[in-house]
Amino acid sequence: NSNSNSNSLGIHELVYNLVQSIDPDLRRSFYSEIFLTGGTSACPNMDVRLENEVRALALPGYRVRVRSPIKKEITIHPWIGGSILTSVAVTWITSSQYQEIGPSIVHQKFM
């Protein structure tokens, strides 16, 4: 509903509004490749429900396809993220470093 506050819209309405906001020539591709990520993608049948709800909003003829990672992948993502963070820990800038050196610390660490 276009009169609704975006904070009260369902996921299906947010997805629909997003796809509708892009170039009409690209919408077919976007509707056919919707990916769920994050913890809620592990909810049983979340992908099926979202697909059905978006399909009900989309124009007839659009192929709506929602995919989500398999449960095994969801359970290891935090571990993968943690391992990446620890491997790049040298790129962290602490508050004390920033206060001591100033904005130039960003250039020293990342350039």
Step-by-step side chain to side chain contact (heavy atoms under 4.5 Å, CB included) determination, Glu13 to Val54: CA-CA 7 Å; Glu13 294 164 313; Val54 172; over 6 Å; no
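Between the side chain of Glu51 and the backbone N or O of Val66, at least one donor-acceptor pair lies under 3.5 Å. Without hydrogens or angle criteria, Arg67 side chain to Ile34 main chain gives no donor-acceptor distance under 3.5 Å. With hydrogens and angles ignored, the 3.5 Å screen pairs no side-chain donor or acceptor of Glu100 with any backbone N or O of Gln97.
With no hydrogens or angles considered, a side-chain donor-acceptor pair links Gln20 and Tyr31 at under 3.5 Å.
In the displayed structure, Phe30 atom CZ is contacted under 6.0 Å by at most 12 heavy atoms of other residues, nucleotides or ligands.
Residues Glu33 and Arg65 are paired through a salt bridge, judged by an N-O separation under 4.0 Å between the basic side chain and the carboxylate.
Residue Val64 comes nearest to Arg55 through the heavy atom pair O-NH2, 3.1 Å, listed as atom of the first residue, atom of the second, then distance. Taking each heavy atom of Ser21 and Leu18 in turn, the nearest pair found is OG-O, 2.6 Å. A pairwise comparison of heavy atoms in Leu57 and Tyr16 identifies O-CE1, 3.3 Å as the closest pair. Nearest heavy-atom pair across Tyr62 and Arg27 is OH-CB, 4.0 Å.
Both Leu50 and Leu59 are members of a single hydrophobic cluster when ILVMFWY side chains are connected at heavy-atom separations under 4.5 Å. Connection of Leu14 to Val48 is not established within any shared hydrophobic cluster, with ILVMFWY side chains joined at heavy-atom distances below 4.5 Å, either directly or through further cluster members.
In this structure, OG on Ser68 lies 5.5 Å from CG on Leu36, to the nearest 0.5 angstrom.
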